[in-house]
Asker: 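Provided herewith is a single structure, encoded as structure tokens, for subsequent inquiry.
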Number of protein chains: 2
Amino acid sequence: MISSAEEYYKDESKMHVATDCIVFGFDDGELKLLIFKRRVAPKKGAWSLIGSFVQINEDVDNAARRVLKEITGLDNVFFEQSLTYGKADRDDGARCISVAQFALIRIDEYDRELTEKHGAYWYKLDELPDLVLDHDQMVIDALAKLRRKAKHQPIGFELLPEKFTIPQLQSLYEAIFQRNLDPGNFRKKVLSFKVLKKLDEKDKSSSKRGAYYYRFDHENYKKLLESGYNFEIL
Amino acid sequence: MISSAEEYYKDESKMHVATDCIVFGFDDGELKLLIFKRRVAPKKGAWSLIGSFVQINEDVDNAARRVLKEITGLDNVFFEQSLTYGKADRDDGARCISVAQFALIRIDEYDRELTEKHGAYWYKLDELPDLVLDHDQMVIDALAKLRRKAKHQPIGFELLPEKFTIPQLQSLYEAIFQRNLDPGNFRKKVLSFKVLKKLDEKDKSSSKRGAYYYRFDHENYKKLLESGYNFEIL
DNA sequence: TCAAAAGTGTTCAAAATACACCCATGA
DNA sequence: TCATGGGTGTATTTTGAACACTTTTGA
């Protein structure tokens with residue numbers, strides 16, 4: 001009696017499966033990427049995305065969760081699958097496919113010591129060094145995904161602190177889309193969705209008058225989504 | 001001297017990697033899916049997407065190309081990656097991850113004998129039987145992708161014959177989005193993109209007056225894309 | 001000649017865009 | 001008091017949805 005599919009598959013070849021995370025952050029008006037310098041062979045000293053092999057009993061997305069936790073110290077990082085890279089010759093000599101993960105983190109929250117301990121650093125997107133293997137392409141594809149998503153979902157909030165001002169949000173969108181937006185119109189648009197709760201507090205760091213803080217209203221967002229609302233930012 | 005990454009990875013576990021194709025077609029005003037009835041164990045007799053294991057020296061996308069060619073007889077099927085399914089327990093007993101592929105075919109072009117020879121059949125989307133493993137979820141995700149893409153790219157042309165009429169195109173969009181569209185407004189919108197070449201020929205199969213055939217203008221589409229044009233259908 | 005689908009034109013409302021202008025405040 | 005970013009209001013243009021109307025032709 002055959003009890004496992006494995007017995008039927010036993011003649012089929014097997015490969016290594018890895019997952020690599022493209023981790024975006026936003027700081028100082030700039031989009032940044034978390035990359036790290038390899039400290040062990042192979043490719044010691046080369047810049048790379050953070051990643052890991054998927055363990056034999058581990059879900060692929062759990063492998064990503066594990067990596068993200070290990071490097072940033074954060075438990076609830078927003079991430080979702082990007083593309084899977086499966087060229088036969090992508091990892092010189094070894095057959096290894098990689099499931100890329102698109103992750104967004106609040107740059108104010110991560111654990112600085114932990115990232116440094118792992119040799120990980122934030123790089124401005126336009127100052128990235130060359131990355132190992134096909135990781136450059138992974139970044140290109142993830143950036144396209146970021147733009148696509150940011151246009152139709154209020155995804156940008158994952159990149160800002162819990163409390164943020166409208167001008168901060170605008171500056172994030174300007175960084176994502178690389179163009180200037182009209183402050184008045186941006187404000188009207190983003191408030192029209194009614195997914196921002198205004199707080200009483202102000203941020204005075206960038207103007208004398210100060211800008212009110214807002215908080216993302218997850219409740220209301222879910223409700224609007226379910227009602228079939230179309231979030232079209234820009 | 002170590003010459004291959006494999007030697008560094010040798011302690012890491014390996015898994016089977018498969019690719020499964022979600023093949024959409026459009027016929028008779030209805031969206032259809034190409035699925036097949038398994039003729040060998042495991043899961044003999046169950047309905048399944050068409051797929052295959054990825055060979056050790058084969059690119060993942062070439063595996064998909066191979067499968068599509070084998071079943072439909074077509075060489076240039078439009079396809080792109082959907083999601084990768086990597087739960088540890090998804091394929092009872094075996095560790096096997098699957099890269100799902102989203103494919104669109106012109107239902108008038110495929111090789112009927114070949115599909116039948118392989119036990120493959122077209123099913124209306126709303127009459128699909130239960131599929132094996134997590135293939136139901138793959139279909140759900142691919143359908144979401146179809147809707148997303150169809151909204152922003154003139155992807156629908158992949159599902160129609162080379163020559164098609166505006167009313168045919170409208171009926172395709174009505175099938176994808178499950179709602180009725182205004183013929184006048186739809187026509188204006190779709191022609192406004194200027195990616196359709198009007199032919200002199202008419203299709204008289206669905207009206208006495210006949211509707212002009214059009215052909216998709218790939219040249220112009222590319223040009224418009226490069227100029228940053230935003231194709232927003234609906 | 002008339003029903004039915006193809007195709008055009010008009011109207012009204014909503015949404016995007018541009019931009020003028022007021023507000024608050026610390027230097 | 002004034003320069004500066006925050007925030008509001010308004011005029012103009014563009015786009016979208018609704019729908020009336022005209023054309024064509026085989027039954």
Side-chain angles (χ1 to χ4, degrees), chain A residues 28-29 150-152 154 156 160-161 163-215 224 227-234, chain B residues 28-29 150-152 154 160-161 163-175 177-215 224 227-234:
Chain A
D28 251 335
K151 211 159 183 167
H152 301 287
L160 291 173
K163 295 187 304 186
F164 55 87
T165 68
I166 307 274
Q168 279 168 12
L169 184 61
Q170 179 181 340
S171 127
L172 167 58
Y173 274 88
E174 291 183 333
I176 292 177
F177 293 105
Q178 293 288 296
R179 65 187 178 98
N180 294 328
L181 303 171
D182 180 280
N185 294 337
F186 180 80
R187 165 174 242 100
K188 254 179 292 177
K189 183 83 198 177
V190 84
L191 288 177
S192 76
F193 298 137
K194 309 210 190 271
V195 294
L196 295 187
K197 266 203 298 271
K198 187 178 187 175
L199 307 183
D200 279 335
E201 211 177 336
K202 276 191 171 187
D203 164 47
K204 297 225 166 191
S205 68
S206 69
S207 81
K208 297 152 190 174
R209 180 180 177 179
Y212 280 106
Y213 278 118
Y214 287 78
R215 181 189 297 283
L224 283 170
S227 76
Y229 196 87
N230 186 20
F231 293 85
E232 179 106 4
I233 304 154
L234 307 198
Chain B
D28 247 336
K151 212 161 181 162
H152 302 287
L160 292 173
K163 296 188 302 187
F164 54 85
T165 68
I166 308 272
Q168 279 167 12
L169 184 61
Q170 178 180 342
S171 130
L172 167 59
Y173 275 86
E174 291 183 333
F177 293 106
Q178 293 287 295
R179 66 188 176 96
N180 294 329
L181 304 170
D182 180 278
N185 294 336
F186 179 80
R187 163 176 242 102
K188 255 178 291 179
K189 184 85 196 174
V190 84
L191 288 177
S192 76
F193 298 137
K194 309 209 189 274
V195 294
L196 295 188
K197 268 204 296 271
K198 188 178 184 175
L199 307 183
D200 279 334
E201 210 177 336
K202 279 191 167 187
D203 164 47
K204 297 226 167 191
S205 67
S206 69
S207 80
K208 296 152 192 175
R209 181 180 176 180
Y212 280 106
Y213 278 119
Y214 286 78
R215 182 188 298 281
L224 284 170
S227 78
Y229 196 88
N230 185 18
F231 294 85
E232 179 106 3
I233 304 154
L234 306 198

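In what follows, chains carry the letters A, B, and so on, assigned in the order in which the sequence lines appear, proteins first and then strands, with residues in each chain numbered from 1.
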Asker: Rounding to an integer number of Å, can you tell me how far Leu181(A) CG sits from dT17(C) P?
Answerer: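 Rounded to the whole Å, the gap is 10 Å.
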Asker: Would you be so kind as to tabulate the donor-acceptor pairs closer than 3.5 Å made by side chains of residues 169-180 of chain A, with sequence neighbours excluded?
Answerer:
unit_1, atom_1, unit_2, atom_2, d
Gln170(A), NE2, Glu174(A), OE2, 3.1
Gln170(A), NE2, Leu181(A), O, 2.9
Glu174(A), OE2, Leu181(A), N, 2.8
Gln178(A), NE2, Ala175(A), O, 3.0

Asker: Can you measure Leu199(A) atom CG to dG6(D) atom P for me and round it to whole angstrom units?
Answerer: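 Going from CG in Leu199(A) over to P in dG6(D) covers 17 Å.
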Asker: For Pro167(B), which contact category applies under a 4.0 Å heavy-atom criterion: base, sugar-phosphate, or nothing?
Answerer: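 Answer is sugar-phosphate: Pro167(B) comes under 4.0 Å of backbone atoms only.
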Asker: Do other residues, nucleotides or ligands put more than 12 heavy atoms under 6.0 Å from the NZ atom of Lys202(B)?
Answerer: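 More than 12 within 6.0 Å, yes.
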Asker: Give the B/S/- string for nucleotides 18-27 of chain C, one per nucleotide from 5' to 3', where a protein heavy atom under 4.0 Å of the base yields B, of only the sugar-phosphate yields S, and otherwise -.
Answerer: BB---BBBB-
Asker: Could you check whether Thr165(B) gets within reach of a base, just the sugar-phosphate, or nothing at all, counting any heavy atom under 4.0 Å?
Answerer: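 The answer is nothing, as Thr165(B) stays clear of every strand by at least 4.0 Å.
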Asker: Flag yes if more than 12 heavy atoms outside Tyr212(B) fall under 6.0 Å of its OH atom; otherwise flag no.
Answerer: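 Counting neighbours around OH of Tyr212(B), 12 or fewer heavy atoms of other residues, nucleotides or ligands fall under 6.0 Å, so no.
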Asker: Send over the distance from Phe193(A) CZ to dA15(C) P, rounded to a whole Å.
Answerer: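 One finds 11 Å between P of dA15(C) and CZ of Phe193(A), rounded.
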Asker: Rounded to the nearest angstrom, tell me the gap between atom OH in Tyr213(B) and atom C1' in dA5(C).
Answerer: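 Rounded to whole Å, this separation is 15 Å.
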Asker: How many whole angstroms separate atom CG of Leu191(B) from atom P of dA6(C)?
Answerer: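 Leu191(B) atom CG is separated from dA6(C) atom P by 14 Å.
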Asker: Please assess Glu201(A) against Lys163(A) for the test salt bridge (Lys or Arg N to Asp or Glu O under 4.0 Å), listing each intermediate value before the final yes or no.
Answerer: CA-CA 9 Å; Glu201(A) 211 177 336; Lys163(A) 295 187 304 186; 2.9 Å; yes
Asker: Got a second to check how far Tyr214(B)'s OH is from Leu191(B)'s CG, nearest 0.5 Å?
Answerer: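 It comes to 5.0 Å.
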Asker: State the CG-OH distance between Leu224(A) and Tyr229(A), to the nearest 0.5 angstrom.
Answerer: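 So the gap between those two atoms works out to 7.0 Å.
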Asker: How many whole angstroms separate atom CD of Gln170(B) from atom P of dA5(C)?
Answerer: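 Atom-to-atom, Gln170(B) to dA5(C), this comes out as 12 Å.
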Asker: State the CZ-OG1 distance between Arg187(A) and Thr165(A), to the nearest 0.5 angstrom.
Answerer: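 Result: 8.5 Å between the selected atoms.
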Asker: Does the side chain of Leu196(A) come within less than 4.5 Å of Ile166(A)'s, by heavy atoms?
Answerer: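 The answer is yes, as the side chains (C-beta and beyond) meet within the 4.5 Å cut-off.
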Asker: Where the side chain of Lys198(B) meets the backbone of Arg215(B), is there a donor-acceptor pair that is under 3.5 Å apart?
Answerer: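 Not a single qualifying donor-acceptor pair exists.
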Asker: Please give, in whole Å, the distance from dA16(C) P to Lys151(A) NZ?
Answerer: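 Whole-Å distance recorded here is 13 Å.
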Asker: Can you tell me the distance, in whole Å, between the CG atom of Asn230(A) and the C1' atom of dA14(C)?
Answerer: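 So the two atoms are 14 Å apart, to the nearest Å.
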Asker: Dump the pairs, protein N or O against N or O of nucleotides 14-16 of chain D, anything under 3.5 Å, distances to one decimal.
Answerer:
unit_1, atom_1, unit_2, atom_2, d
dG16(D), OP1, Lys189(B), NZ, 3.0
dG16(D), OP2, Lys189(B), NZ, 2.9

